2 protein chains.
Amino acid sequence: MTLIHAFDDVRPAPTRPAQPARPVAANDDILAGIGVRMTFAKDEEIYGQGEDADLVYRVVSGVVRTSSFTADGRRQIGDFYYPGDTFGVETGEAHLMAAEALTDCVVMIAKRKALRLAVGDERVQAMIWDATVRELERSREHLLLLVRKTACERVASFLKGLAERAEGETVELAMSRQDMADYLGLTIETVSRMVTQLQGVGVVEFKSCRHFRVRDRAALETMAAS
Amino acid sequence: MTLIHAFDDVRPAPTRPAQPARPVAANDDILAGIGVRMTFAKDEEIYGQGEDADLVYRVVSGVVRTSSFTADGRRQIGDFYYPGDTFGVETGEAHLMAAEALTDCVVMIAKRKALRLAVGDERVQAMIWDATVRELERSREHLLLLVRKTACERVASFLKGLAERAEGETVELAMSRQDMADYLGLTIETVSRMVTQLQGVGVVEFKSCRHFRVRDRAALETMAAS
DNA sequence: CGTGGCTTTGAAACATTTCAATCATCGTGG
DNA sequence: CCACGATGATTGAAATGTTTCAAAGCCACG
C-alpha cells in the first residue's frame, strides 16, 4: 500500500466521468476535499474483516472488491465497487467483510470524525445514509439474482450490469472468473461455460477473456430475466 | 382488513416478550403511542407492491411476510416479520415488495409525518435508521444463505433461526412449505425432503408439519454451517 | 364421509459441480 | 527473441444435487 499524500491535491477523480445513471448527491465531493488519497496495488488489502470501521472510502480509479470467508473456507463476494462508489460504510463497529484492490487503484479515505468537523454533521449523515441505502439496494438485487435465476441468467445479468456501467463499446472485466463465480454463487467452470454459451448464441462477443462487447442488447436483457 | 380503533389503547405488544437478543431501542414504543392498531386476517394484504411507502408498521402479534413477483411469475420472499419487528420502511418512495399477513395478525401503523409531530424528528429518524440497518443485516444474512449453502444447510439454518426466536421448547412454523421454499430458493419438494432428512438423523423432531422441536442443538448448528 | 389443499415420497430428468485434461496468455530467463 | 513455466480459462465426461413430474398420504373442513 502506497500513501501518496494527504489533505491536499483536491482534484476530483480523473480517470472516468461520474456515473451517468446514478444521481450524484451533493456530498459527492466531501471526500475529495478532506480525504486522504491512497493507492493500492492489485490484490492489496484495503481493510480486513473485523477491523474497526470508522473510515469512509471512495473509489477514485480502479475497482475494489469486498469479500468474506465462511468457517469452512467458502468465499463470498459482497460486491464490486467502481469509480465514484463509496464503500466501507458499515452499520456496526467493525467491517463484516474485507476490501481488496481488484486492480491497481486510487481511493480517497477519510475519518468520519474528520468529515464531521470539515463539512458538518448533516452532510456526513446524509452521505452515510446514501451509502447504506445503496448497499441495501445492491444487496436486494444480488439476492434476487441468487434466489431464482439459472446459471445462464446470472451470468447474463452480471454482464449486463457491467455493460451498463461502462461507457465505451467494449467492456472490461476487472475481475477473474473466480471472482465472478463467487459473486454469482457458481463455479468457475460454469461461469466459463455460460460465457461461451452466451457468445455462441451471439449475444456477446469476447475479444479476450477480460474484454467483451454486447452484440444484442435486447437478447441480453431477456436472458438476464430480471 | 379490520380496523379496531385508532389513537388510543396504547398498551404495548402483549403476545410475546421483547426479543431478548436484539437491543431494543428507545424508539420501540413510539408506534404503540400514536399508531393505529389494525388486525389483518390470514393471507390478507397489508400493502401492495408499488404502493406509496409513507407508513411505518410494527408487528404486534402474528407473522407477516414480504414478497414480490418477477416478470415471469417466480415469487421471491423478502423476509418474515415477527412480533416486535418493524417493517414497511423503504428507502425510496414506493414499496418494492408487498406485505401479507401470514397468520391472523395485529399491526401498529403510523404515518411518518404523524410520528414526527408526536415524538420529534430525531426519534423518527433513529427508528428509520434502525429499521434500515436491520433490513440490510437480514438481507446480507439471507444472501450468505443463498450463495454457497446446500439445500440441507439452508433448511437447517432456517429452522435454527426460527428456534432461536421462539421462546418455548416446541417451535411453530407460521409459514407453508411453499413460503419456506421461496425464501430459501428451493422447491417445496426439496424443502420437504430436507426436513424429513434432518428428522431422520435426529436433529429435529416434527410433531406435525407445522410444529417441531430441536433435539440436537449442536448438530443443528453444525448443519446450518454459517 | 368425502373433498380439497398441502405435504410427503418416488423415479426420471435436468442443471450444475467435480474431476481431469487441454489450451491460452503472460512474464521470465536463457 | 524464443522457450519455458506459471497462472488462469476453457472444455469434456462422469458424478452429484436439485428439480420436475406424478402419485399417494395426511389433515382439516364442510
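Order of the sequence lines sets the chain letters (A, B, ...), proteins ahead of strands, with each chain counted from 1. A quick note: this is a predicted structure, and the numbers were derived from the prediction, not measured. What you see below is based on every heavy atom in this structure, not just the backbone, and it leaves out hydrogens, waters and symmetry mates.
Distance, His211(A) NE2 to dT25(C) P: 12 Å, rounded to whole Å. Atom-to-atom, CD of Gln199(A) to C1' of dA9(D) comes out at 13 Å; the value is rounded to the nearest Å. Computed from coordinates, the Lys207(A) NZ to dA9(D) P distance equals 19 Å when rounded to whole Å. One interatomic measurement links the two molecules: CG of Leu173(B) to C1' of dT8(C), which rounds to 15 Å at whole-angstrom precision. Following rounding to the nearest Å, Leu146(A) (CG) and dT16(C) (C1') show an atom-to-atom distance of 15 Å. The nearest whole Å value for the distance from the CG atom in Leu184(A) to the C1' atom in dT17(C) is 15 Å. Taking atom CZ of Arg74(A) as the reference point, atom P of dT17(C) lies 13 Å away to the nearest angstrom. Going from atom CE of Met180(B) over to atom P of dT7(C) covers 10 Å, rounded to whole Å.
For Tyr183(A), the ring-ring contact (aromatic ring centres under 6.0 Å, His included) criterion is met by Phe80(A), His142(A), Phe158(A), not counting sequence neighbours. With sequence neighbours excluded, no residue forms a salt bridge (Lys or Arg N to Asp or Glu O under 4.0 Å) with Arg177(A).
Gln76(B) and Thr70(B) form no side-chain donor-acceptor contact under 3.5 Å, judged by distance and modelled atom types alone. A donor-acceptor contact under 3.5 angstrom links the side chains of His95(B) and Glu90(B), judged on distance only.
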Sugar-phosphate or base contact per nucleotide [nucleotides 17-22 of chain D; S, B, -; heavy atom under 4.0 Å]: -SBBB-
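Shortest non-hydrogen contact noted between Ser139(B) and Leu136(A) is CB-CD1, 4.3 Å.
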Polar atom pairs (N or O), protein with nucleotides 3-6 of chain C, under 3.5 Å:
none

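Residue Leu220(B) holds its CG atom at 8.0 Å from OG of Ser157(B), rounded to the nearest 0.5 Å.
Applying the salt bridge (Lys or Arg N to Asp or Glu O under 4.0 Å) test to residues at least two apart or on different chains, the pairs with a partner in residues 184-207 of chain B are Glu205(B)-Arg213(B).
One finds no salt bridge joining Asp85(A) and Arg58(A) here, because no Lys/Arg side-chain nitrogen approaches an Asp/Glu carboxylate oxygen to under 4.0 Å.
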Could you pull out all donor-acceptor pairs under 3.5 Å where a side-chain atom in residues 194-204 of chain A meets a protein atom, sequence neighbours excluded?
| residue | atom | partner | partner atom | Å |
| --- | --- | --- | --- | --- |
| Thr196(A) | OG1 | Ser192(A) | O | 2.8 |
| Gln199(A) | OE1 | Phe206(A) | N | 2.6 |

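Across all strands, Ser208(A) comes closer than 4.0 Å to no nucleic acid atom at all (heavy-atom distances).
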